[in-house]
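Lettering follows sequence order; numbering is per chain, from 1.
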Protein chains: 2
Amino acid sequence: MATRNIKEVAQLARVSVGTVSNVLNRPEIVSPATRERVFDAIKKLGFVRNEVARHLRVGRSRTVGLVVLDVANPFFVDVAQGAESVAEDHDTMVVLCNSAGDPGRERRHLDQLEQQRVMGILITPVEAENPWLEELAARGTPVVLVDSPATGLQCSVAVDDRLGGQLAGAHLVERGHRRVMFAGGPMSVKQVADRHAGAEAAIAATGGAVELLTCTAPALTVAGGRAIGERVAALPPDERPTAAFCANDMMALGFLQAMAAHGLRVPEDLAIIGYDDIDFAAAAAVPLSSVRQPRELLGRTAIDLLLEEVADPEQHRHRQVIFQPDLVIRESSAPRRDP
Amino acid sequence: MATRNIKEVAQLARVSVGTVSNVLNRPEIVSPATRERVFDAIKKLGFVRNEVARHLRVGRSRTVGLVVLDVANPFFVDVAQGAESVAEDHDTMVVLCNSAGDPGRERRHLDQLEQQRVMGILITPVEAENPWLEELAARGTPVVLVDSPATGLQCSVAVDDRLGGQLAGAHLVERGHRRVMFAGGPMSVKQVADRHAGAEAAIAATGGAVELLTCTAPALTVAGGRAIGERVAALPPDERPTAAFCANDMMALGFLQAMAAHGLRVPEDLAIIGYDDIDFAAAAAVPLSSVRQPRELLGRTAIDLLLEEVADPEQHRHRQVIFQPDLVIRESSAPRRDP
DNA sequence: TTGAGCTATTGAGACGATTCAAAAGAATCT
DNA sequence: AGATTCTTTTGAATCGTCTCAATAGCTCAA
């Protein structure tokens, strides 16, 4: 069935198109009688406003893009929900795009979003340095970095990953571990590098009493964690670390699975601590200790900054918001029985 | 910075707007020299094609909407990934919308998608009967139902939930359980009703030897499962079921948490089986038995059907595709030690 | 009766791309 | 040179809505 347009509505209601448009956008300036006639016509024809044409004319869109590193990671789903809850109040749509850690996919999503002339973009970039993002912003699409370091050139919302790493590292040290592994992903991902640096700092503070091994997987996924876990399980017991700090909870869950598969007990044989404190962390085979981030708040704040910039681009000053993570201790890093 | 348009490009390259458009859409019909000039101008100006205007003129959009019941449920994330993988090959965007089981939110998302004139909508509806969806389709937006019963009026992709329920029920019966609980959500959700009906059938087949209790939570979430688990844990041991079939894995995880919190052992004191076989099911405190659905395939097939309809609306015949679930047995429903 | 001061309505441009019939140019053949 | 074909390029019309200056209709006062 052909979709109806404003002109057909105008014809049926015997008014001009301008009036129909007024009924749609500023009903209060239209006399009640005509307004009624127009609404009737709309209903009779099943007219639905064409947002595309409206957008073209008005120039502003009512959607924002959210590009995340991994939709399968509940952390990002929570960030997205935070963003959406705010967007909803502003009658705005959030389109969720998954870069899956692939710069190519990320780039394609950004192109598409820019072509759609979205109101703005929230993004957790794959790579820390991204000139493309700056050009995008320079061409007029506001960008807010989410869970990512501030470059100063745009707004950003992040959690102090270095502090998070430090909390995790210090916790393991305090539990008496002397050989700790950092199970991470590509160090080109700033989050990973920072969490690692934090852990390193905590361990360096022991003055050499504790050793830090670093092992990386190609991606921060359950499979990545499992792969590293397999390698660890294959080590002779005396070379094996007694604790692992995983760059996120997905990896920690994979690591945990590998331990179980090889009959290693957590935390007795090896303690684990993850990062993000996703809801599934508490439900894991051994409830996971983790570094919690304010996930929804991250999303909410990001879109707040974006809306602020859109509302008044002239006066807007870019801001870098940083939240603090905190430690959630569960069974996976419970104190070791004395050896 | 003002965004450039085709006219500015044309001016700089000293050709007509028609030629620029040709360079963009059918470069092969433009002479190499002009093509080069136009590309140079595009690069110099940082021109980005306005997809909104293009869409308005051409009439077809390059995005499809996917409305799911719960983004926090990895099942739907996987369905979305399946859909996106196909969409990507067709240079199409999938916008993910979360109805969160709320008909109001669902309705608002549908309105928005229709106003945006998306190419089509994939949806797991909140309610089985939905006249609104039919009107939407009648007005010209193709709709494909996902993981939902076929109404015959549109395409649909589903998994046989009744069979799934039957598999789960039969499995528990076969394991020797005589008092089984179905932990579900609103029966108005067709999936829940069907899974329940399947379990009921399997149990009825025992000729009254097995008893089925039914308990529902307001939503199919971890919290919902936990709430039901709490109630069960509070029952005196001899009234307590010996097994629970949860309407999905999220609930099963919640149920499991409640058991652990009250010191009940799974599967010894109470066996659990979930539904969906999400990745986290295998990583749970007690690895969950579950009824597996072909999640990504569901998404891929749904968008295939949609693209088929869009490609040739005249000749298109609506189809109802149904997949078979299968049982994945893990520790949470391991055989009971003989009492 | 005329004019001023309202409110309600109108309708002619945008907005930025695509399309396509027609014109212009280039190449080939008589 | 002129006719014929083929290749490129042009530019006006179009998609559906919004905006805004202009107009119409009304009331009230002088």
Side-chain angles (χ1 to χ4, degrees), chain A residues 1-39 41-42 45-62 111-112 114-119 139-141, chain B residues 1-39 41-42 45-62 111-112 114-119 139-141:
Chain A
M1 178 186 293
T3 49
R4 310 336 196 108
N5 60 26
I6 239 184
K7 206 193 276 174
E8 294 175 74
V9 173
Q11 248 156 29
L12 183 59
R14 288 183 304 139
V15 296
S16 70
V17 295
T19 299
V20 177
S21 177
N22 283 336
V23 169
L24 258 28
N25 300 299
R26 300 113 86 198
E28 68 283 0
I29 75 160
V30 178
S31 77
T34 5
R35 203 191 303 153
E36 216 42 54
R37 271 212 326 285
V38 171
F39 278 135
I42 287 178
L45 292 176
F47 165 81
V48 174
R49 185 216 241 114
N50 186 330
E51 175 67 27
V52 177
R54 174 194 171 82
H55 174 182
L56 173 61
R57 178 61 236 255
V58 178
R60 289 169 287 116
S61 151
R62 299 232 123 284
D111 280 347
Q112 227 162 358
E114 188 180 15
Q115 287 179 13
Q116 313 244 34
R117 296 295 191 272
V118 292
M119 173 173 156
R139 277 194 301 267
T141 305
Chain B
M1 178 184 294
T3 50
R4 312 328 198 117
N5 59 26
I6 234 184
K7 205 193 275 175
E8 294 176 74
V9 173
Q11 247 157 30
L12 184 59
R14 288 185 302 140
V15 295
S16 70
V17 295
T19 299
V20 177
S21 176
N22 283 334
V23 169
L24 258 29
N25 299 298
R26 299 111 87 199
E28 69 283 0
I29 73 160
V30 179
S31 77
T34 9
R35 204 191 304 155
E36 216 41 54
R37 271 213 325 286
V38 172
F39 279 135
I42 287 178
L45 291 176
F47 165 80
V48 174
R49 189 219 239 104
N50 186 330
E51 174 67 26
V52 178
R54 174 193 171 82
H55 174 182
L56 174 60
R57 178 62 235 253
V58 178
R60 289 170 286 116
S61 152
R62 300 232 120 287
D111 281 346
Q112 227 162 358
E114 187 180 15
Q115 287 178 13
Q116 313 246 33
R117 297 294 192 273
V118 292
M119 175 172 151
R139 277 195 300 267
T141 305

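Residue Arg49(B) places at least one side-chain N or O under 4.0 Å from the OP1 or OP2 atom of dT18(C). Between Asn5(B) and dG16(C) there is a side-chain polar atom (N or O) within less than 4.0 angstrom of OP1 or OP2.
Rounded to an integer number of Å, the gap from Gln116(A) CD to dC15(C) P is 21 Å. To the nearest angstrom, P of dC15(D) lies 14 Å from CG of Leu56(A). Separating the NZ atom of Lys7(B) from the P atom of dG16(C) is a distance of 8 Å, rounded to the nearest angstrom. Across the protein-nucleic acid pair, His55(A) atom NE2 and dA17(C) atom C1' stand 13 Å apart, rounded to whole Å. Atom CD in Gln11(B) sits about 18 Å away from atom P in dT9(D), given to the nearest Å. The distance from atom CD1 of Ile6(B) to atom C1' of dT10(D) is 14 Å, rounded to the nearest whole Å. One can place CZ of Arg60(B) at 16 Å from P of dC15(D), the figure rounded to the nearest angstrom. For the pair Arg117(A) CZ and dG16(C) C1', the interatomic distance rounds to 9 Å; values are reported in whole Å.
In this structure, Arg49(B) CZ and Asp111(A) CG are separated by 11.0 Å, a value rounded to the nearest 0.5 Å. The CG atom of Asn5(B) lies 9.5 Å from the CG atom of Leu45(B); values are rounded to the nearest 0.5 Å.
A heavy-atom distance below 4.5 Å is not found between the side chains of Val30(A) and Arg37(A). At least one side-chain heavy atom of Phe47(B) sits less than 4.5 Å from a side-chain heavy atom of Leu24(B).
No donor-acceptor contact under 3.5 Å links the side chain of Arg57(A) to the base of dC15(C). Arg54(B) contributes no side-chain N or O that forms a donor-acceptor pair with the base of dT18(C) under 3.5 Å.
The pair Arg62(A)-Glu51(A) does not meet the salt-bridge criterion, since no charged nitrogen lies less than 4.0 angstrom from a carboxylate oxygen.
When each of Asn50(A) and Val17(B) is assigned the nucleotide of DNA chain D with its nearest heavy atom, Val17(B) is the one assigned upstream, toward the 5' end.
Shown for residues 19-32 of chain A: residues whose heavy atoms fall under 4.0 angstrom of DNA chain D, namely Ser21(A), Asn25(A).
If you check dT19(C), dT10(D), dG16(C) against the side chain of Val58(B), the one that comes closest is dT19(C).
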Next on the checklist: Pair Val38(A), Val15(A) - check side-chain contact (heavy atoms from CB on, under 4.5 Å), show working.
Outcome noted: CA-CA 8 Å; Val38(A) 171; Val15(A) 296; 4.0 Å; yes
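Between the side chain of Arg117(A) and the backbone N or O of Ser61(A), no donor-acceptor pair lies under 3.5 Å.
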